[in-house]
Amino acid sequence: MSALTVAETVVDPELPMLTLADLGVLRSVDESAEGVVVTLTPTYLGCPALETMRADLVRALASAGYADVEVRTALHPAWSSDWISPAGKAKLAEAGIAPPGPAPRGPIPLTLTAPASNVACPRCASTRTEILSEFGSTACKALVRCRDCGEPFERVKEI
């Protein structure tokens, strides 16, 4: 099994329904006679899951017979929620987490009020939703409630 194939099976520690490849943080896997170099781009600078991602990649590759593994971090270009694969977005919805829409482009105006919510509920598809908290169980998710079915759910923010 190639190092790339092994690395593509490693799941995200905060969103375990997604692999690192689904999430778009797995940037490259290069095999050579000297070993394997894996490059990750975290979802944001200071992501607390990065060290676990590194350890899980090294463990998975070592179990597959790759003894010399280096995991590098690439901060440029910055990760975007647009890098989540279509399969990853489908897995988020199946898990009851609203996937992000297209990431904003260009200058983003600074506003001091909450943005309007038009997030579709992953349970009933209603867009009559409201943000309960800009932060869910992790900094990259928000907590939302559906006004039609009344169910709360998390969503991955557009970045």
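What you see is a predicted model; the values in this text were computed from it and never measured.
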Looking at every heavy atom in both [X] and [Y], which two are closest together, and how far apart are they?
X: Asp82; Y: Ala103; value: OD1-N, 3.0 Å
X: Ala7; Y: Val29; value: CB-CG2, 3.8 Å
X: Leu18; Y: Gly88; value: CD2-O, 3.2 Å
X: Glu158; Y: Pro104; value: CB-CD, 4.0 Å
X: Ala139; Y: Tyr44; value: CB-OH, 3.5 Å
X: Gly101; Y: Ser81; value: O-OG, 4.3 Å

Any [X] side-chain heavy atom under 4.5 Å of [Y] side chain:
X: Ile84; Y: Trp79; answer: yes
X: Leu40; Y: Leu57; answer: yes
X: Asp68; Y: Val36; answer: no
X: Lys141; Y: Leu15; answer: yes
X: Pro100; Y: Lys157; answer: no
X: Glu154; Y: Ser137; answer: yes
X: Thr73; Y: Arg54; answer: yes

key: Hydrophobic cluster identity match, Trp83 and Val11, side-chain contacts under 4.5 Å   = no
Report the residues that fulfil side-chain contact (heavy atoms from CB on, under 4.5 Å) with [X], sequence neighbours left out, ordered by chain and then residue number.
X: Ala74; value: Thr39, Thr41
X: Glu70; value: Val37, Arg72
X: Asp56; value: Val10, Thr52, Arg59
X: Pro99; value: Lys89, Leu92, Ala93

For [X], which residues count as a side-chain hydrogen bond (donor to acceptor under 3.5 Å, both in side chains) partner, sequence neighbours excluded?
X: Ser2; answer: Thr5
X: Ser63; answer: none
X: Glu94; answer: none
X: Thr9; answer: none

task = Using the salt bridge (Lys or Arg N to Asp or Glu O under 4.0 Å) rule, collect all pairs that involve residues 11-31, keeping only residues at least two apart or in two chains.
result = Asp22-Lys91
Side-chain heavy atoms under 4.5 Å apart, restricted to Ile/Leu/Val/Met/Phe/Trp/Tyr: what other residues fall into the cluster of [X], or is it alone?
X: Leu143; result: Leu132
X: Phe135; result: none
X: Leu45; result: Leu75

key: Enclosure of Arg145 CZ (heavy-atom neighbours >12, cutoff 6.0 Å)   = no
key: Spatial distance of atom SG (Cys121) from atom CZ (Phe153) [nearest 0.5 Å]   = 5.0 Å
